[in-house]
Amino acid sequence: MTTRFFGARVQRVEDGALVTGAGRFTDDIKLKETLSAAFVRSPFAHARIVSIDASAAKEMPGVHLVLTAADLPAAWRDKRLPLDVPAPAIRHPLTQFPLAADEVCFCGEAVAVVVADNRALAEDAAEQVMVEYDPLPAVVDCRTALAPDGPLAQTSVADNLAAKWVNEYGDIERAFAGAAHVIAEDYFQHRGTGCPLEPRAVLAQYDRAGDSLTVWSATQAPHGIKRAIVDMFDIADTQVRVIAPDVGGGFGPKLLTYPEEIVIPHCARLIGRPVKWIEDRREHMMSTAQERDQLWSVRMALDADGRILGLRGTLLHDTGAFLPWGIIMPYISATTFPGPYVVPAYRLDTSVVFTNKISTSPMRGAGRPQAVFAVERLLDRAAQVLGLDRAEIRRRNLIPAEAMPYKVGLIYRDGQPLTYDSGDYPQCQQMALDTADWAGFEARRAKARAEGRHLGIGLANYVEGTGLGPFEGATARLLPSGRILLRTGAASQGQGHRTVLAQIAADAFGVAVDEVDVEVGDTASVSVGVGAFASRLMVNAGSAVDTSSQTLALKLRQIAAAVLDAELDDIELSGGVARVMGTQGGQISFREIAKMSSGRPGFSLPRGIEPGLEATSFFAPPQAAYSNGSHVAEVEVDPETGLVKVTRYVVAHDCGRVINPLLVDGQIQGGVAHGIGNAIMERMRYDEAGNPQTTSLADYLLPDAGNVPNVEIVHMESPSPLNPLGVKGAGEGGTIPAAAAIASAIEDALSPFGVKILDAPMLPETIAMLVKNAQAQKDAR
Amino acid sequence: MSAVSIRVTVNGTPFEREVEPRTHLADFLRHDLGLTGTHLGCEHGVCGACSVLVDGRAVRGCLMLAVQADGAEVTTVEGLAQVEQLNPLQEAFREFHALQCGFCTPGMLTTLMQLLEEHPEPSEEMLREELSGNLCRCTGYAGIIRAAMKAAPLLKAQRENAA
């Protein structure tokens, strides 16, 4: 195989449409006679629904339908949305109802839907749906959720403990008994929202003649929605098609199946006309899953030289009102904590609790940023205590390259022993330090101090399980035009999968990238698919595309060998033809092969070749492939205002073989931006009654062009032995250690004041207060 | 509410339409004229995704009523490319991977078109300051800034050639 495109900075095939306004997002799809829906949502974090009066709304002009839970099919009376990932540790497997019937458990939970001629009329009518609530006490902070005699977040269960389990290995008691130093701290990470620029969106069309539904959704997992619809409506798979058209960003929250994705198709079925619902930003902040509320109370045991002997503690995870994705995210947190370090003994007790806030589910990083924050903060503190450089203490603890593949001792979420497949973590850290000129920082700091400015530098390392199975499939087909068509179960929200998958196929067939058409995000395209999460598509879909393309390419060569009367080994594919290598040989175009093979009378396929110019393959990885990286952040902090500016950011990154550096760099840069938001800007505030306070982008701050420096990126490539391409995932590594690296840098900048950073996000008012308190303490002494 | 008649020129084509007074410009462009390239990200004037040019100036399509555009010339992302040919800024966006999901892109492009016309030799710092009203969740902005820097002199040359 020649590799003309694999590894090249190929520009994206997606961009032509997107820069000219010709993209096709869900709200851009115009079907005749489409009606618009609006939802009535709970204004209380926790309440009993006493009564609903929709009579006034039903009488309003342009209104076609108003539904409450009582109007839904009888079969849905006790039917919650499917919980896709059950686990034995779950005590109360609660997911949302399509519409809340008796009790609302978070502010923003849908209780009724209105369908009208247009969105404005639907929203007008939704305001006229009168719901009488009897407010109940709300659980707002996960840290008090387990308090005895405290309120219940869900009245249907006896306590707020949704799940509980232990991850452990080694002799933890001995590790701590023999320790020269024990570091103990509590860390809290607050939640934020994924905030893709395109909110959620659903359009459903019902075909009465075929009794079938077509649903367009701004989703990361069209196959997941299809399964949920099949399950909820109890209809055949063939009656549902779900399409994710262009999707304006995902970042995790668009992975779930939401109530709207069940209710809108139901409305379309009832009315017999297409129904569309477009989430507004306020709804997004109130009813789309969020992430990161976790409290870590942890201890690290070290020997006299600063080598880790053991890690132990508790993890308290806020799942919000429901468990839409089970315990995947806290489980990832609990198994990410040891990170890239040699940790001989480990015990983490995890409790997952219900609160009366929107559910949490995986968001870029998916539980890892919190775990990395915890272990990296502990190491920084240990370095302080032992008087070691922060890079040096990490150097002493990083897993050496010769220990690869490295068994951590834990079982990962794929059920396999957690085994890092490849990488050179010490070398990666060194690359980051060299690029950032870590050694030269003290001179920069001193110069800035002379000008009255406070600079700080921070470092954080991470390992990330990527490319999770169970599988993804791909079909490669030669079209009659001679073009190649790829179909995969993948769904894309801007990552550029079509380009990268086309690169892989283009190399197999010896054609240009733009000779390959790629279909993603349509359940009609491939019978089963899993979705875009856990940075998994390059490993899974990429490998499936590679195998199916290679299989079909071989078939083209076999046909060409028979037609041209040549040896198979002499046939090469190049520029859309199969030809005999050397100057004298003949050739046959792909288009001609397609014509011949489409069943031309008088032409027989060569012996042993099955009809059909198509190959399908599925790739099921034996286990996760582990990407890793080291981030160095440099910040300037104003101790008076608490304002932090990230002045420099370096990422040394290893995601195995890089198929398209342009796109991988883009993933890293974007991931770091998200991490900067998590570190110093994004805070989803709730009042003491559980009412969300930051429901506009004026209140909830996203990083803008002034907050994010150009990230300096250096690559290592340690191929994964676990897939034919040697690739690992790259979509989340930019975010995972960012808050940890920035926290380290802020603390370093404020070292003259003796401030400890234990939480994220670190907003200006928090930092200013910490500095003030630290000074007051100093003055008191 | 009774509809109001407006005349507006969009991407060089004159339109006369009846609109409800409460319809904002972005919804009018998207749903009445079918120009779905203009995207709505927040509908409260912060994210900048719906930015379009009204008489040459970038405005938020969600904060301006369609009736206020009566008599105006509007340019949307659909009006930026010449026939079959991307303009230099669009080309640069592709070259520098200045877009991922593409949802904020139309607003970025329209905003930059005005900005780069007023500041043909921008500094990176100025661009970052001026673009702070356009949010992107995917790219981390580096590609957008690089693309704008590359396109600035090319757009200037194009304007001079046209003049």
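Chain letters run A, B, ... following the sequence lines, proteins first and then strands; every chain starts at 1. Just so you know, these numbers use all the heavy atoms, side chains as well, and skip hydrogens, waters and symmetry mates. The shown structure was predicted, so the numbers you read here are calculated from the model rather than taken from an experiment.
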Interatomic spacing from CG in Leu40(B) to CG in Leu197(A) - rounded to 0.5 Å: 11.0 Å

Among the listed options Glu78(B), Glu95(B), Glu125(B), the residue most often paired with chain A at heavy-atom distances under 4.5 Å: Glu95(B)

Separation between SG of Cys138(B) and CD of Gln669(A), rounded to the nearest 0.5 Å: 12.5 Å

Main-chain N/O of Gly194(A) paired with Arg137(B) side-chain donor or acceptor, under 3.5 Å: yes

Nearest-0.5 Å distance, NZ of residue Lys30(A) to CZ of residue Arg30(B): 5.5 Å

Max heavy-atom pair count under 4.5 Å with chain A, selected residue of Leu35(B), Ile145(B), Asn87(B), Leu135(B): Leu135(B)

Chain A contacts, top residue of Met108(B), Glu91(B), Gln100(B) (heavy-atom pairs, under 4.5 Å): Gln100(B)

Donor-acceptor contact below 3.5 Å, side chain Arg128(B) vs main chain Pro709(A): no

The single option from Thr105(B), Val77(B), Leu86(B) passing side-chain contact (heavy atoms from CB on, under 4.5 Å) against Thr20(A): Leu86(B)

Test log, rule side-chain contact (heavy atoms from CB on, under 4.5 Å), inputs Asp28(A) and His39(B): CA-CA 9 Å; Asp28(A) 302 342; His39(B) 300 152; 4.1 Å; yes

Separation of Arg12(A) CZ from Leu99(B) CG (nearest 0.5 Å): 5.0 Å

Top contributor to chain A interface from Ala142(B), Cys104(B), Gly143(B) [non-hydrogen pairs under 4.5 Å]: Ala142(B)

Closest-packed option against chain B by number of heavy-atom pairs under 4.5 Å, given Leu702(A), Leu662(A), Asn710(A), Asn707(A): Asn710(A)

Side chain Tyr141(B), main chain Pro703(A), donor-acceptor under 3.5 Å: yes

Top contributor to chain A contacts, counting heavy-atom pairs under 4.5 Å, from Gly102(B), Ser132(B), Gly133(B): Ser132(B)

Main-chain N/O of Gly41(B) paired to Arg281(A) side chain as donor or acceptor, under 3.5 Å: yes

Residues, nucleotides or ligands: over 12 heavy atoms within 6.0 Å of Glu121(B) CD: no

Choice from Arg119(A), Arg24(A), Glu14(A) maximising heavy atom contacts with chain B below 4.5 Å: Arg119(A)

Point-to-point distance, once rounded to the nearest 0.5 Å, from CZ of Arg282(A) to CD of Glu43(B): 12.5 Å

Glu20(B) CD to Asn118(A) CG distance, which is reported to the nearest 0.5 Å: 6.5 Å

Interchain contact, Ala120(A) with chain B, by part (heavy-atom threshold 4.5 Å): both

Partner chain A: residue of Cys42(B), Cys101(B), Gly140(B) with the largest heavy-atom pair count (under 4.5 Å): Cys101(B)

